[in-house]
Student: 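Would you mind keeping the following structure in view while I ask a few things?
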Amino acid sequence: MFRKSSSQLAAYINPRVVQAQYAVRGLIPMRADELKARLDAGETLPFKELVYCNIGNPQALQQQPLTFNRQVMSLVDSPTLLENDAIVAQFPADVVARAKEYLKNINGMTGAYTDSIGYKWAREAIAQFIARRDGTESPDSRNICLTDGASSGVRLIMQLLIEGAKDGVLIPIPQYPLYTAQIALLGGASAMYYLDEAKRWDLHVEDLLKCNASLAATGATPRLLVVINPGNPTGQVLTKETMEGVVRYCHDNDVMLLADEVYQENIYGDRPFESFRKVVLGMPAPYNNTPCISLHSTSKGIIGECGRRGGYFEMLNVPKEQKEQLLKLCSINLCSNVNGQVMTALMCTPPAEGGESYARFRDEYDGIFASLKGRAEALAKELNGIEGITCNAVDGAMYAFPQIRLPAKYVARNEDLNKSAGTKIAADARWALELLEETGIVVVPGSGFLQQEGTFHFRTTILPPAEQMQSMTSSIRAFQTKINKNFAN
Ligand SMILES: Cc1ncc(COP(=O)(O)O)c(C=O)c1O
């Protein structure tokens, strides 16, 4: 009997895994990690530190967690602390009361599996939050499913609807690459609708109909429409009229609406956030029966607890058969992580006004919000002041997606470099790579999110602290000015 050595084993990989791409953690951040290791080893580079603007990870860029949430979480995780009066005396009374309430709901321990769709009491807290937010009746908590961040909800919903190339998903371009990656993993068909940069990155409903035609040409049927509102990477907030058009499209074409609303608290401009759920319910029959699944997460907003992996999806008007299968998919995963579930319940139930924690919570919450809004405005203003860069206002979310006008000679040089090195780096990826090598700033090239042919962009978060943001925009200015000069036509 011959045994193969590990070098003889065929390293089979599912080609769909190879095909899936995720630019937010791709080429540029990988190079950034190499440069960081060199800096840490004492090497001298043109910059002293890396500024990670590639991922919406607020606490990695010094955003502080909300104290109330962490205090409750620590008591829930270590209930024996509540047996020590001296320790209890150090926590505000509403923190202790909340921790005891949660512990009572979970029989005093957090280490057990929960219901497949999450703790019932957490789902009820979410249902009440949704009702307060939308001014509607509470949804049935059985239509809410807790997830490990919004990402795992996206995966489950796509698994439900995509069998293969005959099932189409409409996605916005520029898009958050989770979507194309998931479609690639399932072998589905994607149809891209373009957001209009000249109109505050608005969505035009006519473009959704064009997607039907492109899917039909490949024999695919549209199954799911993804709308990200507020948008990533584009930061736009949709108007109610546009949202109603989207709902009509979904209804008339028998397409499930997936409303990615993870940035619902990150609103800085003049357009308020409306949930798709509220818009659907407010429409006349038959449109108020349109199936819509909405996503939310503890990763963004003001709470910024990405690493807790909390989130949920809520199903509105989803047919019973689909709901049952989706719940079965949840049960295959046993349950989402418990810390994420507790954090999601906390996000949905902030401390009550008049309680001991309220003043501190308000102060922390308002401080983070004001700072994000200030940075969103400052970043767009600064970028617009750079020759060769234009940037729409950041109405929401955590990113700016400026357009870079790259001189033709720079684009031609990139092609030459690709030819000689046998690479296929897009011109804006080259720009982002060179920016990184010169300044230590880590952004994601627009090509990682897809964009209108012939345009170039980059995405940066608005998350660096204000002082760092100032030096970051100065460095981008100096870098772009040099490109404008060195590659002038
Ligand atoms: C639009 C959008 N949806 C979903 C997610 C996934 O977030 P999480 O899985 O951390 O909740 C992100 C993360 O950046 C995002 O930007």
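Counting starts at 1 for both ligands and their atoms, in listed order. Note that the structure is predicted; figures quoted are calculated from it, not measured.
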Student: For Arg309 and ligand 1, answer yes if some heavy atom of the residue is under 4.0 Å from a ligand atom, otherwise no.
Tutor: yes
Student: Number the atoms of ligand 1 from 1 as they appear, then name those within less than 4.0 Å of a heavy atom of Asn232, with their elements.
Tutor: 1 (C), 15 (C), 16 (O)
Student: Report, in ascending order of atom number, the atoms of ligand 1 lying under 4.0 Å from any heavy atom of Ser297.
Tutor: 8 (P), 11 (O)
Student: Please could you name the atoms of ligand 1 that Ile228 approaches to less than 4.0 Å, counting only its heavy atoms?
Tutor: 1 (C)
Student: What pairs with Lys381 under side chain to side chain donor-acceptor pair (under 3.5 Å), at least two apart in sequence or on another chain?
Tutor: none
Student: Students often mix this up, so state it plainly: with edges at 30° and 60°, are the rings of Phe401 and His457 parallel, tilted or perpendicular?
Tutor: parallel
Student: Ignoring hydrogens and angles, tell me if any N or O in the side chain of Tyr268 forms a donor-acceptor pair with the backbone of Ala397 under 3.5 Å.
Tutor: yes
Student: Numbering the atoms of ligand 1 from 1, which are under 4.0 Å from a heavy atom of Lys300?
Tutor: 13 (C), 14 (O)
Student: Under the 3.5 angstrom rule, does the side chain of Arg375 hit a backbone N or O of Leu463 as a donor-acceptor pair?
Tutor: yes
Student: Verify whether the ring centers belonging to Phe458 and Trp431 lie closer than 6.0 Å.
Tutor: yes
Student: Would you call Glu206-Lys210 a salt bridge at under 4.0 Å N-O?
Tutor: no
Student: So, is Ala150 polar-close to ligand 1, with some N/O to N/O distance under 3.5 Å?
Tutor: yes
Student: Could you pull out every donor-acceptor pair under 3.5 Å between side chains of residues 177-190 and any protein atom, sequence neighbours left out?
Tutor:
from   : atom 1 : to     : atom 2 : distance (Å)
Tyr179 : OH     : Asp260 : OD2    : 2.6
Thr180 : OG1    : Gln175 : OE1    : 3.2
Thr180 : OG1    : Gln175 : NE2    : 2.6
Thr180 : OG1    : Pro177 : O      : 3.3

Student: Once you restrict to heavy atoms under 4.0 Å, what part of Ser299 touches ligand 1? Side chain, backbone, both or neither.
Tutor: side chain
Student: Is it the case that ligand 1 has an N or O less than 3.5 angstrom from some N or O of Asp148?
Tutor: no
Student: Which atoms from ligand 1 have a heavy atom of Tyr263 less than 4.0 Å away?
Tutor: 1 (C), 14 (O), 15 (C), 16 (O)
